Amino acid sequence: QVQLVESGGGLVQAGGSLRLSCLASGRTFSNYAMGWFRQAPGKEREFVAAISKSGGITDYTDSVKGRFTISRDNAKNTVYLQMNSLKPEDTAVYYCAAAWSTTTGAGSRSARQYDYWGQGTQVTVSS
């Protein structure tokens with residue numbers, strides 16, 4: 001089992017920044033590719049960003065490229081999502097997820113490929 005706890009969400013004005021953190025416990029963190037997903041009210045959960053086990057490979061959905069940065073610190077069992085230039089359409093509950101990985105690639109864009117999920121943290125961007 002892997003337990004994931006997100007933090008860092010909140011209310012911010014458009015153009016502002018937030019940094020989300022996701023602390024993992026229970027298994028060897030460096031064996032898992034990690035992803036961030038989000039779900040807005042009335043919408044399906046969508047992929048935001050993913051990172052490989054080592055942190056060397058990342059992937060982003062087009063709408064956040066150039067604004068969001070995913071990173072990880074395997075010594076601290078933590079994955080981060082730095083969010084800059086936030087827009088009202090970024091408002092959602094943000095979830096981190098862990099996927100057991102035997103490859104060197106970034107985590108999948110498909111939520112079905114992830115084995116463990118956090119409880120989510122609310123991000124609200126006001127206009």
Side-chain angles (χ1 to χ4, degrees):
Q1 288 284 348
V2 175
Q3 292 78 43
L4 301 173
V5 179
E6 301 98 335
S7 61
L11 174 63
V12 64
Q13 289 188 332
S17 298
L18 284 173
R19 188 175 83 154
L20 305 184
S21 299
C22 174
L23 176 63
S25 62
R27 293 284 178 91
T28 304
F29 181 64
S30 58
N31 285 337
Y32 292 83
M34 300 296 295
W36 285 98
F37 291 76
R38 65 187 180 187
Q39 187 167 18
K43 295 188 177 181
E44 293 188 355
R45 191 170 299 191
E46 66 170 352
F47 169 77
V48 176
I51 191 166
S52 62
K53 294 187 294 184
S54 68
I57 300 174
T58 58
D59 185 28
Y60 300 91
T61 193
D62 286 347
S63 62
V64 309
K65 283 181 181 176
R67 300 189 298 124
F68 291 11
T69 302
I70 188 171
S71 62
R72 66 189 295 163
D73 185 338
N74 285 346
K76 295 183 178 180
N77 289 355
T78 302
V79 62
Y80 305 97
L81 186 67
Q82 177 67 44
M83 305 186 295
N84 299 329
S85 301
L86 282 161
K87 304 176 181 180
E89 52 263 44
D90 295 318
T91 295
V93 178
Y94 282 71
Y95 299 89
C96 71
W100 172 264
S101 177
T102 59
T103 73
T104 59
S108 172
R109 292 187 171 207
S110 170
R112 299 178 196 177
Q113 301 302 315
Y114 289 83
D115 305 300
Y116 302 101
W117 293 82
Q119 81 290 346
T121 186
Q122 176 70 48
V123 171
T124 303
V125 185
S126 63
S127 57

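For the numbers below, each heavy atom of this structure counts, side chains included, while hydrogens, waters and symmetry mates do not. A quick note: this is a predicted structure, and the numbers were derived from the prediction, not measured.
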Identify the heavy atoms of Lys43 and Gln39 that sit nearest to each other, and give their distance.
-> O-NE2, 3.1 Å

Exam field: side chain Tyr32 to backbone Ala97, donor-acceptor pair closer than 3.5 Å | no

Kindly give the heavy-atom pair with the smallest separation between Gly9 and Thr121, and that separation in Å.
-> N-OG1, 3.2 Å

Taking side chain as C-beta onward, heavy atoms only, is Ser30 less than 4.5 Å from Lys53?
-> no

Using the rule that two of Ile, Leu, Val, Met, Phe, Trp, Tyr join whenever any of their side-chain heavy atoms come within less than 4.5 Å, decide whether Val79 and Phe37 are in one cluster.
-> no

Is the Trp36-Tyr95 ring centre distance short of 6.0 angstrom?
-> no

Same hydrophobic cluster for Val12 and Val48, using side-chain heavy-atom links shorter than 4.5 Å among ILVMFWY?
-> yes

Nearest-0.5 Å distance that lies between atom OG in Ser63 and atom NZ in Lys87 | 8.0 Å

Tyr94 vs Phe68 aromatic rings, parallel, tilted or perpendicular, using cut-offs 30° and 60°?
-> tilted

Atom pair SG (Cys96) and CZ (Arg72), whose distance is rounded to the nearest 0.5 Å = 11.0 Å

Any Thr104 side-chain heavy atom under 4.5 Å of Ser52 side chain = no

Closest contact, heavy atoms only, Arg38 versus Asp90 = NH1-OD1, 2.9 Å

Identify the two heavy atoms, one from Ala92 and one from Ala40, that lie closest to each other, and give their separation to 0.1 Å.
-> CB-N, 3.8 Å

Hey, does the Lys NZ or Arg CZ of Arg27 hover above the aromatic six-ring of Trp100, less than 6.0 Å from the centre and inside 45° of the axis?
-> no

Scanning both residues in full, the closest heavy-atom pair of Ala14 with Ser127 reads CB-CA, 4.4 Å

Should Glu46 and Glu44 count as side-chain neighbours, where that means a heavy-atom distance under 4.5 Å?
-> no

Within one Ile-Leu-Val-Met-Phe-Trp-Tyr cluster: Tyr114 and Tyr80, side-chain cutoff 4.5 Å = no

Measure the shortest side-chain to side-chain distance between Arg67 and Tyr60 over non-hydrogen atoms and say whether it is less than 4.5 angstrom.
-> no

Determine whether Leu20 and Val64 fall in the same hydrophobic cluster, where Ile, Leu, Val, Met, Phe, Trp and Tyr are linked whenever their side-chain heavy atoms lie under 4.5 Å apart.
-> yes

Any chain of hydrophobic side-chain contacts (each under 4.5 Å) joining Leu4 to Leu81?
-> yes

Looking at OG1 of Thr78 and CE of Met34, how far apart are the two atoms once the value is rounded to the nearest 0.5 Å?
-> 9.0 Å

Spacing of Leu11 atom CG and Leu18 atom CG [to the nearest 0.5 Å] | 9.0 Å

For residues Glu6 and Gln119, determine if any side-chain heavy atom of one lies less than 4.5 Å from a side-chain heavy atom of the other.
-> yes

Would you name the heavy atoms of Ser108 and Ala50 that are closest together and state the gap between them?
-> O-CB, 4.3 Å

Side-chain heavy atoms of Gln122 within contact of Thr91, under 4.5 Å | yes

What do the steps show when you test Asn84 against Gln82 for side-chain contact (heavy atoms from CB on, under 4.5 Å), and what is the final call?
-> CA-CA 7 Å; Asn84 299 329; Gln82 177 67 44; 2.9 Å; yes

Does a side-chain N-to-carboxylate-O contact under 4.0 Å join Asp62 and Lys65?
-> yes

